[in-house]
Amino acid sequence: MPSHSPRQHLDMVIVGAGFAGLYMIHRARQAGLSVMCFEAGSGVGGTWYWNRYPGARVDIECVEYSYSFSKELEQEWDWSERYASQPEIERYANYVADRFELRSDIVHSTRVTSTVFDASQRHWVIRTDQGHEVTADFCIMATGLISAPIEPSFEGLEDFTGEQYLTSRWPAQKPNFENRRVAVIGTGSSGIQVISEVAEEAGQLYVLQRTPAYTIPLQNRPVDPEQAAKMKAQYAELRERQRNSFSGFTLVHSDLSPPPTLSALEVSDEARRAEYENRWASGGLSPYYAFTDSLLNMESNQTLAEFAREKIRARIDDPVIAEKLCPQYPILTRRLSPETRYLEAFNRSNVELVDLLEAPIHRFTKQGLVVGDTELPLDAVIFATGFDVMTGAMDRIDIRGRDDLTLKARWAEGLTSHLGMMTEGFPNFFWINGPHSPFYNPILLAEYQCDFICDLITDLKADNIEVIEPLPEAEAQYVQLTNDIGNNTLYPQSENYYMGDNIEGKPRNTLFWFGGFPFYRKQCRLARADWTGFRVE
Ligand code: NAP
C-alpha cells in the first residue's frame with residue numbers, strides 16, 4: 001500500500017518511473033517540490049523493465065545512452081558491453097533508483113487511470129487503478145514514447161491453444177522454445193532482435209514479415225577497460241558534443257565523426273561507397289550521419305538504400321529470400337534496425353520466411369496459424385507488432401483539462417503541442433519524451449525537459465504565479481514549425497510510425513521534432529526568454 005494517505009496534496013505527480021520519471025523525481029526534489037510517482041510495473045526502468053525479450057539490447061552506445069546529470073554516477077558505473085543488453089540497463093536503472101534514494105516516492109504496480117484539472121482549485125486530481133486519489137499542482141507524464149503496445153488482434157486468436165508472447169510484455173520466467181514450433185509476427189527492431197535469438201533455439205521458426213526492415217550489423221563488443229577509463233576522463237567533453245549534436249549520439253567509439261558536411265551527391269561514387277563501407281564497419285546507427293541529405297533528398301537516400309540492399313543480399317544464401325528481405329521504401333524513414341546474426345538466421349534450415357505480402361495472415365486455429373491457404377502448426381507465437389507511438393501512452397489515460405476537454409479528443413483532430421511538452425487548455429500539465437519532442441537520445445532529452453520544467457516552476461513560484469499554459473498562437477507557431485520541418489524531410493514518403501501510420505484511424509501527423517536538438521533547444525530558450533507565449537494566473 002502507498003505510504004501517502006488518500007487525497008494527499010503534492011506539488012507534483014509524475015506518471016511513470018522509467019528513465020524520465022526517475023530523473024524527474026530527483027530534479028523535482030532538488031527544486032524543493034514534494035513529489036509522488038506512480039508506476040504500472042513492479043520495478044523501475046520503463047522500457048527496460050517491460051521489454052525483457054531475448055535479444056533486447058540498446059543500439060546507442062551506453063556511454064552516451066546514460067544519465068549525464070551526475071559526474072559521480074558517470075564515474076561509478078561500468079558498462080560491460082558497447083551496447084548493453086536489457087538486464088544490464090535494467091540494473092543501471094535500479095542502481096540509479098537506489099543511489100539517489102528515489103524509491104520512497106514511487107508507488108509501484110499502480111496505473112494512473114485519470115487525471116483531471118480542477119479549475120476552481122487550480123490543481124490536478126489524479127486517480128489510480130489501486131484506488132488512490134491525490135491532488136497536485138503539477139502533473140507530469142513520463143509515460144514513454146514507445147511504450148503503449150498494440151494488443152494483438154487476429155481472427156481466431158482466442159481459439160489458439162499454444163503459448164502467446166508479446167515482446168513488450170515478456171514474462172519474467174524465461175520460456176523454453178527448444179524443439180518447438182514458433183512464429184514471430186513483426187520484423188521491426190524488436191522482432192529482429194527476438195528472431196535472432198529464437199532462431200538458434202527453436203525446432204522450427206516461422207518469421208512472418210509484412211514490411212522488411214533495413215538492417216546493419218550492430219558491431220557490439222565487450223568494453224575494453226582501458227578505453228572505458230579514457231572515456232570516463234573525457235566525459236564532460238563527450239556530453240558537450242552530444243548536446244550540440246543533432247540526435248544526441250556521436251559514434252564515440254569510431255573514427256567517424258558527425259556532423260556530416262557534404263551531400264551524398266557532392267562526392268564521387270568511390271568516395272560515397274567508401275563512406276558507406278565505413279559506416280557499416282562502425283555499425284549501430286552510424287548511417288544516420290553519413291551525409292547531410294540522406295533524409296532530405298530522394299536521390300541521395302537511394303544511394304544509401306541500394307548500398308544497404310546490397311549488404312543484405314550478400315549475407316543471404318538464397319537469392320529469392322534475399323529479395324524478400326530487401327526493403328524498397330526510402331531508407332531511414334522507418335527506424336534502421338541494427339542487428340547481430342539476424343540475416344544469417346534465414347540461412348538456417350529451421351527458419352522459414354513467410355512473406356505476408358504474398359499471402360496475408362488469415363486466422364489462428366486451435367493448433368496454429370493460417371497464412372493464405374497454408375496452416376502453420378505452432379506451439380507458440382511471439383507478437384512483435386509494435387506500439388502506438390508518442391500519443392498512445394497518454395491516450396490510454398483519461399486526461400481532462402479545462403472545460404472537461406480530454407487530451408485524446410484534442411489530438412483526435414490533429415496533433416498539437418507547445419515545445420513538445422505541453423498544450424493549451426491543460427494548465428500545469430507537461431509531458432517528457434512525448435509528442436513533438438525531438439528525435440534525440442531519449443535519456444538526455446528527458447534530462448533537458450525535466451530541467452526546463454523544474455526551472456519554469458521555480459520561476460513561477462518566485463513570481464507568485466500558480467498556473468501556466470501556452471497561448472494558442474505560440475502553440476500554433478511551434479506546430480507549424482514542427483510540421484514544416486517534417487514535411488521537408490523524406491519521413492512522409494513511407495508508411496511509418498513517426499507519422500502515425502501504424503495505427504488505423506490515427507491522424508497522419510509528424511509526431512517528432514525532426515529539426516535536431518540544438519534548434520529545439522533554441523525554441524525552448526526563446527519561449528522562456530519572456531512569458532509572451534504563455535497565459536499565466
Ligand atoms: P515496429 O518497428 O513498429 O515493428 C512492428 C512490426 O510488426 C512491423 O514489422 C509491422 O509490419 C509488424 N506488424 C504489425 N501489425 C502486424 C499485423 N497485423 N500483421 C503482420 N505484421 C504486423 O515495432 P518494434 O519492432 O517494437 O520497434 C519499435 C521501436 O522501438 C523501434 O523502431 C525502436 O525505436 C525501438 N526499439 C529499439 C530497439 C533497440 O534499441 N535496439 C529494439 C527494439 C525496439 P508493418 O511495418 O508492415 O506494419
Side-chain angles (χ1 to χ4, degrees), residues 46-48 50-62 64-65 81-86 89 144-155 157 165-170 183-197 206-220 247 249 283-285 288 325 327-329 332-340 342 353-364 369 371 381-390 392 433 439-443 491 494-504 506 511-512:
T47 286
W48 298 103
W50 293 105
N51 289 268
R52 49 183 72 241
Y53 58 85
R57 184 178 290 285
V58 69
D59 60 9
I60 297 175
E61 294 183 57
C62 291
E64 305 200 270
Y65 188 87
E81 293 178 273
R82 185 184 184 194
Y83 300 99
S85 62
Q86 177 272 334
I89 304 173
L145 61 161
I146 303 177
S147 55
I150 301 170
E151 290 300 325
S153 142
F154 291 89
E155 209 186 313
L157 186 55
Y165 301 98
L166 191 60
T167 46
S168 50
R169 292 293 177 269
W170 203 260
V184 175
I185 303 180
T187 52
S189 296
S190 305
I192 282 174
Q193 290 185 331
V194 81
I195 288 161
S196 309
E197 294 293 318
Y206 299 103
V207 175
L208 280 76
Q209 169 188 277
R210 196 160 59 185
T211 310
Y214 286 101
T215 56
I216 175 172
L218 181 64
Q219 311 287 17
N220 190 27
S247 307
F249 58 92
L285 297 176
Y288 279 93
L325 288 165
Q328 298 304 326
Y329 53 84
L332 308 182
T333 59
R334 295 160 61 99
R335 181 67 147 65
L336 185 68
S337 294
E339 43 73 41
T340 306
Y342 170 65
L353 178 64
V354 180
D355 186 351
L356 298 177
L357 298 180
E358 286 175 1
I361 294 176
H362 182 48
R363 58 169 292 128
F364 276 87
L369 178 59
V371 177
V381 59
I382 298 171
F383 297 101
T385 40
F387 298 83
D388 187 350
V389 173
M390 285 297 206
N433 268 330
F439 184 61
Y440 183 70
N441 184 324
I443 298 184
Y491 286 104
S494 72
E495 290 199 355
N496 58 63
Y497 67 62
Y498 300 121
M499 301 295 299
D501 297 325
N502 65 332
I503 304 290
E504 215 183 309
K506 191 165 174 170
L511 296 179
F512 291 74

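In listed order, ligands and their atoms are each counted from 1.
Taking CG from N433 and CZ from F512, the interatomic distance works out to 9.0 Å, rounded to the nearest 0.5 Å. Atoms OH and CD1, on Y342 and I192 in that order, are 4.5 Å from each other to the nearest 0.5 Å. In this structure, the separation between CG on D388 and NZ on K506 is 4.0 Å, given to the nearest 0.5 Å. One finds the CG atom of L369 at 5.5 Å from the CD1 atom of I185 (value rounded to the nearest 0.5 Å).
Atom 4 (O) of ligand 1 has as its closest protein heavy atom G188 CA, 3.5 Å. Of all protein heavy atoms, the one closest to atom 46 (O) of ligand 1 is R334 NH2, 2.6 Å. Counting protein heavy atoms only, atom 27 (O) of ligand 1 is closest to S190 OG, 3.8 Å. For atom 13 (N) of ligand 1, the nearest protein heavy atom (residue, atom name, distance) is R210 NH2, 3.8 Å. Ranking the protein heavy atoms by distance from atom 9 (O) of ligand 1 puts T187 N, 3.0 Å first. Among all protein heavy atoms, the one lying closest to atom 42 (C) of ligand 1 is Q193 OE1, 3.4 Å. Shortest contact from atom 35 (C) of ligand 1 to any protein heavy atom: I146 CD1, 4.2 Å.
With ring centers used as reference points, F154 lies under 6.0 Å from F383. The ring of Y214 has its center closer than 6.0 angstrom to the ring center of Y329.
Taking every heavy atom of G186 and a limit of under 4.0 angstrom, the matching atoms of ligand 1 come to 6 (C), 7 (O), 9 (O), 12 (C). Close approach of ligand 1 to I185 is summarised as follows: ligand atoms under 4.0 Å from at least one heavy atom of the residue are 20 (C), 21 (N). When each atom of ligand 1 is checked for a heavy atom of L356 under 4.0 Å away, the hits are 20 (C). Set against the non-hydrogen atoms of Y53, the atoms of ligand 1 under 4.0 Å away are 42 (C), 43 (C).
Between Y65 and ligand 1 there is no heavy-atom distance shorter than 4.0 Å.
Ranked by closest heavy atom to atom 47 (O) of ligand 1, the top entry among V194, T211, I89, T47 is T211. The option from P338, G386, A384 that lies nearest to atom 7 (O) of ligand 1, judged by heavy atoms, is A384. When the heavy-atom distances from atom 38 (C) of ligand 1 to G284, P442, S189, P360 are ranked, the shortest goes to S189. The heavy atom nearest to atom 39 (C) of ligand 1, considering only Q209, R57, R335, is found in R57. Nearest-heavy-atom check against atom 33 (C) of ligand 1 across F387, Y83, Y497 picks out Y497.
Scanning for salt bridge (charged side-chain N to carboxylate O under 4.0 Å, His left out) contacts around R363 gives E155, D159, with sequence neighbours left out. For Q86, the side chain to side chain donor-acceptor pair (under 3.5 Å) partners are E90, not counting sequence neighbours.
Looking at I150 against ligand 1, nothing comes within 4.0 Å, counting heavy atoms. Neither the backbone nor the side chain of A213 has any atom closer than 4.0 Å to an atom of ligand 1 (non-hydrogen atoms only). The parts of T385 lying near ligand 1 are both backbone and side chain, judged by heavy-atom distances below 4.0 Å.
Between L208 and V371, the shortest heavy-atom distance links the atoms CD2-CG2, 4.0 Å.
Using a 30° and 60° split on the angle between ring planes, Y498 and Y491 fall in the perpendicular class, above 60°.
The number of heavy-atom neighbours closer than 6.0 Å to CD of E197, taken from other residues, nucleotides and ligands shown, is above 12.
Side-chain N/O atoms of S337 and T215 include no donor and acceptor closer than 3.5 Å.
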